[in-house]
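Heads up, the thing below is written out as structure tokens.
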Amino acid sequence: SLCDADKSLGRNAIQVMSSSMIARTPVVQKMIGVARTVQLSEHDDFLAVLRGLHDAEEGEVLCVNTMGSTKAVAGGLFLSEAERKGLRGLIVDGAVRDISLMQQSSIHCYSTTVNPYSGTIQSPGEMQNTILCGDAKISPGDIVVGDSDGVVSASVEAIEDIIEMAETIVSKENSLIQAMKEGESLHSQTNYEEHIARIQNEKESSFQLK
């Protein structure tokens with residue numbers, strides 16, 4: 001709904017992480033939290049992640065740029081500590097491990113790959129700078145939202161700008177689903193007939209829900 005609201009309002013403020021960013025834990029409910037960013041300064045070295053985890057606060061989502069590392073920079077122990085501290089999730093643009101342990105967690109973990117072999121622990125990295133994570137630009141304090149479709153983020157100001165529209169869209173979609181359960185077609189609840197007729201006659205049109 002955030003993406004739909006952003007599109008409807010023409011804001012283009014939502015950052016969408018790439019489809020390679022995959023949930024490694026069960027997605028029972030949405031992950032919503034405040035971004036805390038970690039930038040590795042050495043390939044395949046996860047001291048920066050350990051440092052970020054140490055500094056992280058309740059309600060945050062740890063977002064990690066690994067410089068394209070291939071070895072694991074986080075695992076089950078890190079996610080367990082994140083859960084203990086009240087973090088909302090861990091997002092790694094790189095590899096994690098201990099998936100079976102992670103799947104027992106009540107918080108979310110996303111990563112672009114998995115590797116059982118962990119990296120070194122020597123380089124402290126950089127904290128709380130704007131980073132790329134899953135091809136999305138993430139700044140400290142951004143709002144990060146994840147579900148089974150993927151991960152998106154935006155500034156607090158952008159979320160405040162579109163949240164009312166997003167809530168309206170969710171309410172409308174719930175009404176559509178209920179109407180379909182009662183036998184009403186999806187098309188009849190939109191301006192489909194008028195919209196496609198105008199498009200086929202090369203006229204401007206906007207697809208809308210009734």
Problem - Non-hydrogen atoms of L87 and A56 that approach each other most closely - result: CD2-CB, 3.7 Å
Completion exercise
side chain to side chain contact (heavy atoms under 4.5 Å, CB included) filter on E164, not counting sequence neighbours, yields none
Handout entry: Inter- and intrachain pairs under salt bridge (charged side-chain N to carboxylate O under 4.0 Å, His left out), touching residues 85-110, at least two apart
Key = none
Practice task
Mark yes when over 12 heavy atoms from residues, nucleotides or ligands other than K172 sit less than 6.0 Å from its NZ; otherwise mark no.
Solution key: yes
Exercise for the section: Report yes if the side chains of T120 and D44 come closer than 4.5 Å at any heavy-atom pair, otherwise no. Expected result: no
Fill in the blank from the handout: Those residues at least two apart in sequence (or on a different chain) that pass side chain to side chain contact (heavy atoms under 4.5 Å, CB included) with P140 are T37, Q128, T130
Problem - Same apolar cluster (I L V M F W Y, side chains within < 4.5 Å links), V73/I22 - result: no
Exercise for the section: With sequence neighbours left out, write down each residue that passes ring pair (Phe, Tyr, Trp, His ring centres under 6.0 Å) with H187, or none if nothing qualifies. Expected result: Y192
Practice task
Working to the nearest 0.5 Å, report the span between CD1 of I143 and CD of Q15.
Solution key: 14.0 Å
Exercise for the section: State the CG-CZ distance between L79 and R24, to the nearest 0.5 angstrom. Expected result: 13.0 Å
Practice task
For the residue pair E126 and N129, confirm or rule out a side-chain donor-acceptor distance under 3.5 Å.
Solution key: yes
Completion exercise
With sequence neighbours left out, the residues meeting salt bridge (Lys or Arg N to Asp or Glu O under 4.0 Å) with K7 are none
Problem - V96 and C109, any side-chain heavy atoms less than 4.5 Å apart - result: yes
Exercise for the section: Please list, chain by chain and in numerical order, all residues satisfying salt bridge (Lys or Arg N to Asp or Glu O under 4.0 Å) with R11, sequence neighbours excluded. Expected result: D161
Handout entry: M165 reachable from I32 in the ILVMFWY side-chain graph, under 4.5 Å edges
Key = yes
Exercise for the section: Could you tell me whether a side-chain N or O of H108 sits under 3.5 Å from a main-chain N or O of Q29, the two making a donor and an acceptor? Expected result: yes
Completion exercise
Residue set satisfying side-chain hydrogen bond (donor to acceptor under 3.5 Å, both in side chains) with Q178, at least two apart, ordered chain then number -> E182
Exercise for the section: Sequence neighbours left out, what pairs pass salt bridge (charged side-chain N to carboxylate O under 4.0 Å, His left out) with at least one residue falling in residues 56-81? Expected result: R36-E60, E81-R84
Handout entry: Member of N115, T113, L40 meeting the side chain to side chain contact (heavy atoms under 4.5 Å, CB included) criterion with S69
Key = L40
Handout entry: Closest non-hydrogen atom pair between S155 and D142, with its separation
Key = CA-OD1, 3.5 Å
Handout entry: Nearest-0.5 Å distance that lies between atom CG in L176 and atom OG in S171
Key = 9.5 Å
Practice task
Compare every heavy atom of A154 with every heavy atom of I14, then report the nearest pair and how far apart it is.
Solution key: CD1-CB, 3.8 Å
Completion exercise
The ring pair (Phe, Tyr, Trp, His ring centres under 6.0 Å) partners of Y110 (sequence neighbours excluded) come to none
Practice task
For residues V38 and L53, determine if any side-chain heavy atom of one lies less than 4.5 Å from a side-chain heavy atom of the other.
Solution key: no
Practice task
Please report the C-alpha distance between L90 and V61 in whole Å, then the side-chain angles of each, then the deciding distance to 0.1 Å, and finally whether the side-chain contact (heavy atoms from CB on, under 4.5 Å) criterion is met.
Solution key: CA-CA 6 Å; L90 171 64; V61 176; over 6 Å; no
Handout entry: Inter-residue atom distance I138.CD1 - I131.CD1, 0.5 Å rounding
Key = 7.0 Å
Handout entry: Gap separating the SG atom of C63 from the CE atom of M21, nearest 0.5 angstrom
Key = 8.5 Å
Exercise for the section: Please answer: with hydrophobic residues joined when any side-chain heavy atoms are less than 4.5 Å apart, are V16 and V151 in the same cluster? Expected result: no
Fill in the blank from the handout: Distance col, row D4:CG vs L9:CG, nearest 0.5 angstrom, shows 11.0 Å
Practice task
Heavy atoms only: give me the nearest A166-L2 pair and the separation to one decimal.
Solution key: CB-CD2, 4.0 Å
What side-chain donor-acceptor pairs closer than 3.5 Å can you find for residues 200-210, not counting sequence neighbours?
from	atom 1	to	atom 2	distance (Å)
N201	ND2	A197	O	2.7
S205	OG	H195	ND1	2.7
K210	NZ	S188	O	3.4

Practice task
Search all heavy atoms of L101 against all heavy atoms of G76 and return the closest pair with its distance.
Solution key: CD2-CA, 3.5 Å
Fill in the blank from the handout: The side chain to side chain contact (heavy atoms under 4.5 Å, CB included) partners of S123 (sequence neighbours excluded) come to S41, E42, D45
Exercise for the section: With sequence neighbours excluded, tell me which residues meet side chain to side chain contact (heavy atoms under 4.5 Å, CB included) with E83. Expected result: S105, S106, I107
Practice task
Identify the residue among V144, V64, I91, V92 that makes a side chain to side chain contact (heavy atoms under 4.5 Å, CB included) with C133.
Solution key: I91
Exercise for the section: Using the rule that two of Ile, Leu, Val, Met, Phe, Trp, Tyr join whenever any of their side-chain heavy atoms come within less than 4.5 Å, decide whether V114 and M67 are in one cluster. Expected result: yes
Practice task
Answer whether the closest heavy-atom distance between the side chains of M17 and V152 falls below 4.5 Å.
Solution key: no
Practice task
Considering non-hydrogen atoms only, spot the tightest contact between G141 and V156 and give its length.
Solution key: O-CG2, 3.6 Å
Handout entry: D147 side-chain N/O to K30 backbone N/O, donor-acceptor pair under 3.5 Å
Key = no
Problem - Cluster check I163, V34: I/L/V/M/F/W/Y, side chain < 4.5 angstrom - result: yes
